[in-house]
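Here's the structure we're looking at; comments come further down.
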Amino acid sequence: MSYPYQINSFEEYQQAYKKSIEQPEEFWASVAEHFTWRKKWDKVLNWNFTEPTIEWFKGAKLNITENCIDRHLEKLGDKPALIWEPNNPEERVRIVTYNRLHKRVCQVAQMLKNNGVKKGDRVCIYMGMVPELAYAVLGCARIGAIHSVVFGGFSAQSISDRLEDAKAEFIITCDGAYRGEKTIPLKSVIDDALIGNKTVKRIIVFTRTRTPVSMLKGRDVWWEDEMDYAEEQVEKNGVVSFEPEIMDAEDPLFILYTSGSTGKPKGVVHTTAGYMLFTNYSFVNIFNYKQGQIHFCTADIGWVTGHSYIVYGPLSAGATSVMFEGIPTYPDAGRFWDIIDKHKINILYTAPTAIRSLMGFGTKPLENKNLSSLQVLGSVGEPINEEAWHWYDEHVGKKRCPIVDTWWQTETAGILISNFAGITPSKPGWATLPMPGVQPILVDENGNEVLPKENETIAGNLCIKAPWPGIIRTTYGDHERCRTNYFATYQNLYFSGDGALKDKDGNYRITGRVDDVLNISGHRIGTAEVENAINMHVGVVESAVVGYPHAIKGQGIYAFVIVSSKHSDDELTRKDILQTVTRVIGAIAKPDKIQFVAGLPKTRSGKIMRRILRKIAEGEVENLGDTTTLLDPNIVDEIKNGRI
Ligand code: WT7
């Protein structure tokens, strides 16, 4: 079964696109008609990009969980909302029907209320990929609390910074999380994060791994106890209910921290109605989702992909969404294919880095796996190289599944540029055409639109001209930071930080970041962040971090480091630095290469010439461009010679 706003042909796409640009308010209102509102909007869109102020569906009242759960109960109550595949394939699968999801989310909402959480409060969620994570997210949304999910790979220091920035008083966590062979002691990391913290009042701990944990009286409580108690409150005579908090369209739904080119990660804020509409509309149309299909997004809910395409997009569409606790290579490199076979997955949405790492195991792990249920494949997180695209097409999709290459960002909430599965043409390596409602524009350094001469492919910095419903509204606690980061580089444009090409047919190819942001295995990390972490090591005088092409991760981290003379044991210092970065940010930010240098190439004004370092890291040592403006041009030769 399809959706009233489902696009079924290229012509329909063109019509929808045209309408969305010419009459954006009518266009999005006609989509919004198909959702559950407690009160309809007064105005579809108010905006200016100077402050910025962006308001979608102002005056409307709703609760997103009513749209993700309650409204489906009559027809889909017994249908699976979530299928949970555990880390260990021997362990029991959990199938959560919409009825069961409703009950659990009502219980979590009640549990949060019992623990003093109110509308607008920030709840930090630091859990592994267990169904309870989805319940926690939705439970917050049900009472109007703002969730801030922190990926389980971040360090205590990173959590501490995020807790402080969000002034969070509540945490939901697990004793531990399973990831392949490893058990990660989540509660213990939280305990470290809370040393010196005075704002957190309550921690709710879900038992997953039975890892011993410290439980402080008056502060820490067990999820299981609290949920049992809440169950008695929400279930009366077999009827489950918890009245959802009625939210304004523009009330914040969540904060998600992401890295930029400067400073600490910023809390991207998404609001209720626009986010819901955009994730739903993009999910249904880009994957060409039909009711009853089984959708498997392999991301972690700690990242935006999990928020939008495991939880909110699919559930608001009444879909069946698969949640996988483990990793693609455990117990072996055939795990994804086993899951597809076992659950008869129809849509697989994963990252190029996962495809490349599985490619490394050859096609043997695919033998005897029945992948015939697959209908659509998706890619997200970084540009997909042609080799990976063709492997995905040939060995996974067996040349019969369209591949959607979906370009978007934490700040955009949902997919902005992508082909539509089986509906609009694909082009390997190209994200292709914009979603309805999205108006990309390529500009040069001065913000002037790059215009094609006849039939020419053009290149420029990728900006968007007008708001779509999922656009970032603010950065938590610091609106000015939102303005300067995204809306001040080019006047009246949202700047993505990416560079792109556009061909004569209007297709876009994303070429990568044009700022100092790295994309490591699809994870976003700022070079400044890594430098700050490295510089915290006692022996480090100064450092400069750049990215370089990495066969599996897409980009690797290359650090040029000046250490003081006392620290002369290179190997030990290298390990100490890695340990420091792991402590400060998390293992995902560990440099792949550390080169000790005597100096860094700087201009006379003291600015590090990253362009030169990037070239050296990329192995392009011959053609370094103009080095005459350097303070000490000799340093370049020295760095070149010491290249790792
Ligand atoms: C950055 C956003 C989008 C959710 C996951 C990452 C890069 C993302 C693609 C793609 C080329 C892509 C961009 C973007 N990116 N998808 N299909 N093709 N590049 O979210 O952490 O906010 O990172 O990921 O550089 O700016 P994120």
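By convention here, the first residue in the shown sequence is residue 1. These values consider heavy atoms only, across backbone and side chains, with no hydrogens, waters or symmetry-generated copies. Just so you know, ligand 1 is whichever comes first in the structure, and atom 1 is the first atom listed for that ligand.
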TODO: Anything under 30° is parallel, anything over 60° is perpendicular, the rest tilted; go ahead and classify Tyr13 against Phe10.
DONE: parallel
Open item on the list: Would you say NZ of Lys264 has more than 12 non-hydrogen atoms from neighbouring residues, nucleotides or ligands within 6.0 angstrom?
Closed with: no
- [ ] Compare Gly429, Ala431, Pro383 and give the one whose heavy atom is closest to atom 19 (N) of ligand 1.
- [x] Pro383
Open item on the list: Once you measure the plane-to-plane angle for His523 and Phe151, does it fall in the parallel (<30°), tilted (30-60°) or perpendicular (>60°) bin?
Closed with: tilted
- [ ] Record the part of His523 in heavy-atom contact with ligand 1 below 4.0 Å; permitted values are side chain, backbone, both and neither.
- [x] neither
Open item on the list: Side chain or backbone, does Arg524 bring an N or O within less than 3.5 Å of an N or O on ligand 1?
Closed with: yes
- [ ] Give the numbers and elements of all ligand 1 atoms closer than 4.0 Å to a heavy atom of Asn519.
- [x] 7 (C), 24 (O)
- [ ] For ligand 1, indicate whether the residue Thr410 contacts it via side chain, backbone, both or neither (heavy-atom separation under 4.0 Å).
- [x] both
- [ ] Please name the residue in the list Tyr3, Phe420, Tyr312, Tyr289 that meets the ring pair (Phe, Tyr, Trp, His ring centres under 6.0 Å) test with Phe283.
- [x] Tyr289
Task: Nearest non-hydrogen partners of Ala559 and Ile534, listed with the distance - done: CB-CD1, 3.7 Å
- [ ] For residues Pro314 and His295, report the shortest heavy-atom separation together with the two atoms involved.
- [x] CG-CD2, 4.0 Å
- [ ] Could you tell me whether Gln409 approaches ligand 1 through its side chain, its backbone, both or neither, with non-hydrogen atoms closer than 4.0 Å?
- [x] both
Task: Contacts of type side chain to side chain contact (heavy atoms under 4.5 Å, CB included), residue Lys465, not counting sequence neighbours - done: Gln439, Ile441, Leu493
Task: Numbered atoms and elements of ligand 1 in range of Val304, under 4.0 angstrom, heavy atoms - done: 4 (C)
Open item on the list: Looking at non-hydrogen atoms alone, which of Trp303, Trp430, Tyr508, Trp408 comes nearest to atom 1 (C) of ligand 1?
Closed with: Trp408
- [ ] Could you go through the ring-ring contact (aromatic ring centres under 6.0 Å, His included) check for Tyr275 and Phe254 one step at a time?
- [x] CA-CA 10 Å; Tyr275 177 82; Phe254 67 84; 5.0 Å; yes
- [ ] Identify which of Asp498, Leu462, Leu518 has a heavy atom lying nearest to atom 14 (C) of ligand 1.
- [x] Asp498
- [ ] Compare every heavy atom of Ser261 with every heavy atom of Ala528, then report the nearest pair and how far apart it is.
- [x] CB-O, 3.5 Å
Task: Those atoms of ligand 1 less than 4.0 Å from some heavy atom in Thr305 - done: 4 (C), 5 (C)
Open item on the list: Give me the residue, atom name and distance of the protein heavy atom closest to atom 9 (C) of ligand 1.
Closed with: Glu382 N, 3.5 Å
- [ ] Report, in ascending order of atom number, the atoms of ligand 1 lying under 4.0 Å from any heavy atom of Thr406.
- [x] 9 (C), 10 (C), 16 (N), 17 (N)
Task: The one among Gly497, Ser418, Gly381 that brings a heavy atom closest to atom 24 (O) of ligand 1 - done: Gly381
